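The shown structure was predicted, so the numbers you read here are calculated from the model rather than taken from an experiment. Labels below follow one simple rule: chain letters A, B, ... track the order of the sequence lines, proteins then strands, and each chain is numbered from 1.
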Amino acid sequence: MSANLALILALIVPLVGTVVIALLGRWPNIREAATMITAISLFACVIRVLIGYTSGEAIGIEVVTLYEGLSISFNTEPLSILFAMIASGLWIVTSVYAVGYMRGAGEKNQTRFFTCFALSIFAAMGVAFSANLLTLFIFYEVLTLATFPLVTHKGDDKAKAGGRTYLGILMSTSILFLLPAIIWVYALTGTLDFAQGGILAGTIGPAASTVLLALFLFGVAKAAVMPVHSWLPAAMVAPTPVSALLHAVAVVKAGVFTLIKVVIYIFGTEFLIDVPLESIAVYIAGFTIVAASSIALMQTNIKRLLAYSTISQLSYIVMATMALAPFSEVGAAMHIAAHAFGKITLFFAAGAIYVAAKKTEVGQLNGIGRRMPITMAAFAIGALSMIGVPPTAGFVSKWFIIAGAYQLENYFVLAVMVVVTALNAAYFLPIIFNAFFKPEDQAPAKPHGEAPWTMVAALATTAALTLLFFLFNEPVLELEYSIVGGKS
Amino acid sequence: MIEQLLSHYNYWVVIILMMVGFYIVVAQGNLVKKVVGLNIFQTSVFIFYISVGKVEGGTAPILVEGVDVYSNPLPHVLILTAIVVGIATTALALALVIRIKEAYGSVEESELQIRDQQC
Amino acid sequence: MLAHLPILQVILPFLAAPICLILRKPKLAWLFALIVSAAALAVSGLLLQQVYAGGVISYELGGWAPPWGIEYRIDLLNAYVLLVVSSLATIVLLGAHTSVQKEIEAHKQTWFYSLYLLCFAGLLGIVATGDAFNVFVFLEISSLSTYALIALGRDRRALWAAYQYLIMGTIGATFILIGIGFLYMMTGTLNMNDLAMRIDAVESTTTVLAAFGFIVVGTSLKLALFPLHLWLPNAYTYAPSMVTAFIAATATKVAVYVLIRFLFTIFGESYSFGRHPLAEILIPLAIIGLLSASTVSISQPLIKRMLAYSSVAQIGYIVLGIGMGSALGLTASLLHVFNHAMMKGGLFLALAAVTYRMGGSEIGHMRGLARTMPLTFWAFVLGGLSLIGVPLTVGFVSKWYLILAAIELGWWPIVIVVLVGSLLAVLYVGRVVETGWFGEPEKPGRNEAPPSLLIPLWILIAANFYFGIDTRLTIGVAENAAAWLMGGGSGL
């Protein structure tokens, strides 16, 4: 199978999967099997694309030309492959987890759930492999729409309100900021194709560039830079598998992925260095990092705490990207992977606690480490990754981000990283400590152990990945070095 | 000045009729009277066209031996069409008024609004 | 026969209309009307092909050569609009029989088909003709039949809406007549081509200025430009659903065509925009109409009324494009003429289906629609996405061009207005979608609309997406037509 074919399949497989899963509603076990088969096939296709890319095969498809200079096209480059691999690989794990969660929590409308899940992954693949801004925008919007039924899954008033905030912020920002930014780029250059070194050089002045950059920064609300971040805590009304894969991995990574692609392949780092006000983006991201972590400190609901932690961690990526140092760009790419592994573990653990013990608040977790040791161990590993302590994945990416800051003598970035490490420790460490070392407040009504085995298996896997990433990250590193090395 | 006014008297008639008709349509609440106003409005336009078609010294546009100058027949044709359209419009409007009277019991605009709000 | 296509286009439905009355049974009348409509659609397709291949078609009625005789002149712009009108008429008619049975009394149903064909013929005539007075005649034919069609609605407010529309519409048409009269006075001709050539000589007279004013105001009333749109909400709301679907998709577009024809072909772009502050008048009105209508539609309890106000907003977009006076702006408007016909046609057909099953189309009737009428609901959602302008739909294509046109002129505030309009569309569409998705239906259980309503509905929705992706036809025609119109485009 050629790499080109694998790329086409990487898009078609989840789409076909969506239809098949929708049709298999009446046979739940076969339906879950369909999800697993789709996820595994997708991952296989993405691996084939990776192999093809690293061995130098030419990969690119143009599906249809819409109008002059604009087409729906796909190709690959290091970032795409990274994002696609993480999203498709973690989908396999999440599917296993989701089966356990949905059955364990007795959720309704499971077919709709799994169908929309597959559709969302399809959209994420579309975002990952897009060759130009128009294709990316199309799939970005499809992703918003496909995840809406998942966010409002419960169907009660809180879900409705959460859904409104979610859709409201995501759609308004994409219509008001992202769309004009894209059309502006087209008006300036006549094309929207991603190209090494950017396409805007020479077409736009520094003042206008700042406005354009701001439009992208706030238009891509999925990257959750303040103040367009409120959709993320609102989306926590969704069932936890949704929060885990989509709002720790697929949707938010699609956001930061878009920003990195725009910075590297539309603006070009060389071009941006010359834009004087570009550093404002760094300050905004830095502010988001500290502010979001401070708000996380005050949260009592586990998922909301994790949501704000996500907002903070996403801005590591944004800040590192905007810092424009080669090492920090690499760090940003690495953090896409590192944060994904760590955060998904944390959400999996939160979901397991909910299913097994019906607990949702931080204060209820005293002593739960003794009843659910594997879950809390995984939680601890995820938390350590957030803080950025070896031997976890978070340490690797943080290393590069700080190295990048040294490269350009950006003391603001350094300061932010120091402060946020302390903040992360402040809200994660007490949870771990209380879980393992404090006695339970009251014995639970029904004594419980771990969550269903599928969920435990999933969170153990992702926790292991978090640790393994620390040890075996050279391939990813090499891949991402090539972004700043010039190979495309 | 007076010369100017008097020689263009047809336009003055047209304008006055047009404005009278238009005013009636807008200001009158009675539906039938609105139709009357509309008719006056349309008639002013007919007069406009026809009066414009008159050529000084021309006779009726029927070919006759020894006559060179005829009035322009085209506006007459256009206006015949427009008159028929006007009649159809009036007929339709009055038919609607009858149906409105049956349904609402009144043909005053203000009454109609009150009855609609009551429902 | 191919040589007589231009007149066939209009004559077919025109003669078929009274025949519908002779056919006593509504079903027979419907079938007959459908066949005639389809024939008219075929004619439009052939005409478009002929124009593409051979350039402008000039057809003399009765063999009398223009400018003395009446000429039917088909160029790229006409052929395109003819296609839009006839395709919408045929598709809506597919579902008419089912919907009409519940909404119009039995003995009036043959009248419905007869009036429908008359209106259709009238609209086709306006577009096909090359004679200014002929435009007025066909305008009145289509308008009178529209008034009667609206009055067929069940609710007694339909009568009042029809009356109101009659008064306002007649004033508008009479204004156009006055304008034509002034033009005739100054140039001595009624043929559009001839007028275009002769107007140059008398450009600077006040008479021509008065003609310009009357014609612009008259057509603006017909196309429902703010603030002359007051007839539209009531007319669309209380008319039978199929009537609304048809006129919402076609009548205002034909009025836009008339405006474009007068502004660009007859008066010429340099006169309309160069001499007079037309842009300064049209654009603010378009913007106010766009924003105010979108805002008002958010709070409407009657969904038909909501879509009616949405139509006023969409007309605002079209006039915005015209007002820009650039080729790109005109392309955007022409694109939106086509796209809006498909969008609104589809949305109103969805409402027709809801009215058929649920007995009405208030927000309450839409509760839980996702479960009771899923096919209809999803069609509405997709049509709504097109209205908002989500990529892959035709709505996106129009918005893209409109924004591009605004950026080209450097008018950034206009860009913001267009985008805010999209956002407002998210709000009013979202309200209905939310109610349909989350609400509890009065009578749970699947009660899907019959296939006769679903088929035309999904044809239009599919067209929304097909033409949103394969834009060669729409953009190709729009760009060519716009370039031609801007370049003077007459006397070919």
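Looking at B:Val84, neither its backbone nor its side chain comes within 4.5 Å of chain C, counting heavy atoms on both sides. Only the side chain of B:Thr81 comes within less than 4.5 Å of a heavy atom in chain C; its backbone stays farther off. The parts of B:Ile100 that come within reach of chain C are both its backbone and its side chain, each placing non-hydrogen atoms under 4.5 angstrom from that chain. Of the two parts of B:Tyr104, the backbone and the side chain both hold a non-hydrogen atom closer than 4.5 Å to a non-hydrogen atom of chain C.
For the atom pair CD1 (C:Ile171) and CZ (B:Phe22), the distance works out to 5.0 Å, reported to the nearest 0.5 Å. We find the NZ-OG1 distance between B:Lys34 and C:Thr170 to be 12.5 Å, quoted to the nearest 0.5 Å. If you take CH2 on C:Trp160 and CD on B:Gln113, they are separated by 6.5 Å, rounding to the nearest 0.5 Å. The structure places CE of B:Met18 at 7.5 Å from CZ of C:Phe175, a figure rounded to the nearest 0.5 Å.
Note on B:Val25, B:Val52, B:Val14: by heavy-atom pairs under 4.5 Å with chain C, the leading option is B:Val52. Of the listed residues (C:Ile141, C:Leu190, C:Ile167, C:Leu177), the greatest number of heavy-atom pairs within a distance under 4.5 Å of chain B belongs to C:Leu177. Chosen from C:Phe136, C:Tyr147, C:Tyr184, C:Phe133, the residue pairing most often with chain B at heavy-atom distances under 4.5 Å is C:Phe133. For chain C, the option among B:Leu74, B:Leu112, B:Val97, B:Leu31 with the highest count of heavy-atom pairs below 4.5 Å is B:Leu31.
Contact annotation: the side chain of B:Glu102 never approaches that of C:Leu159 to less than 4.5 Å [non-hydrogen atoms, C-beta and beyond].
For the pair B:Tyr49 and C:Ile180, the tightest heavy-atom approach, listed with the atom from each and the gap, is OH-C, 3.6 Å. Between C:Arg156 and B:Arg115, the shortest heavy-atom distance links the atoms NH2-O, 3.5 Å. Of all heavy-atom pairs between C:Leu144 and B:Ala88, the closest is CD1-CB, 3.8 Å.
B:Phe48 and C:Phe182 have their aromatic ring centers within a separation under 6.0 angstrom.
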